[in-house]
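The block underneath contains the structure these notes are about, expressed in structure tokens.
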Amino acid sequence: MIILLDKYSAVLAAAATEDNTPQLIVTIVLFAALAVAAAALLALVIAALLSIARSTSYSGIEKVCWAGIVIIFPLVGSLGWFGVGRRMREVG
């Protein structure tokens, strides 16, 4: 994530030195979209981890496994928890 931010900040600096306003606007919009997507993913991961911690249906080791999945695979793990994991024990 930090590498991407460094890359886009360098692009912004280079675009600002030239008279290339449309390119600068596109770069700023893409940078803002990336920041919003990163914030949304972070919020999703935090919500999943809190939901896992509060779950009473799973034992400690099962919660650790789910948390590990969410941390290693943030998007897929979080969606998996909310789509399958949270409901799996409620039904069974």
Side-chain angles (χ1 to χ4, degrees):
M1 180 66 133
I2 294 173
I3 294 170
L4 288 174
L5 293 177
D6 287 341
K7 178 183 173 187
Y8 284 111
S9 63
V11 170
L12 282 173
T17 59
E18 302 172 5
D19 188 25
N20 200 359
T21 305
Q23 171 95 21
L24 181 61
I25 292 171
V26 168
T27 303
I28 290 171
V29 169
L30 289 175
F31 183 76
L34 178 65
V36 168
L41 179 60
L42 182 63
L44 180 67
V45 168
I46 290 171
L49 291 174
L50 288 174
S51 177
I52 291 168
R54 292 179 181 161
S55 173
T56 58
S57 301
Y58 287 96
S59 68
I61 192 70
E62 292 170 324
K63 288 180 182 183
V64 170
C65 289
W66 268 110
I69 291 170
V70 169
I71 290 170
I72 294 171
F73 306 106
L75 181 61
V76 174
S78 297
L79 293 176
W81 168 254
F82 287 119
V84 177
R86 191 169 61 159
R87 295 183 182 103
M88 193 163 54
R89 288 290 180 124
E90 292 173 1
V91 173

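No hydrogens, no waters, no symmetry mates; every other heavy atom, side chains included, goes into these values. One-based numbering along the sequence shown.
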Would you find a donor on one side and an acceptor on the other, under 3.5 Å apart, between the side chain of T27 and the backbone of Q23?
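Side chain of T27 to backbone of Q23, a donor-acceptor pair under 3.5 Å: yes, one is there.
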Let me check something: any side-chain donor-acceptor pairs from residues 41-48 under 3.5 Å, sequence neighbours excluded? List them with distances.
none

Linking I/L/V/M/F/W/Y whenever any side-chain heavy atoms sit under 4.5 Å apart, do L49 and V84 land together?
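Both belong to a single hydrophobic cluster.
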Let me check something: do F82 and L75 share a hydrophobic cluster, defined by ILVMFWY side-chain heavy atoms less than 4.5 Å apart, either directly or through other members?
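Result: yes, single cluster for both.
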Does the plane of the ring in Y58 sit parallel, tilted or perpendicular to the ring in W66? Use 30° and 60° as the thresholds.
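Correct class here is perpendicular.
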Taking atom CD1 of I69 and atom OG of S78, what is their separation to the nearest 0.5 Å?
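I69 CD1 to S78 OG: 11.0 Å, rounded to 0.5 Å.
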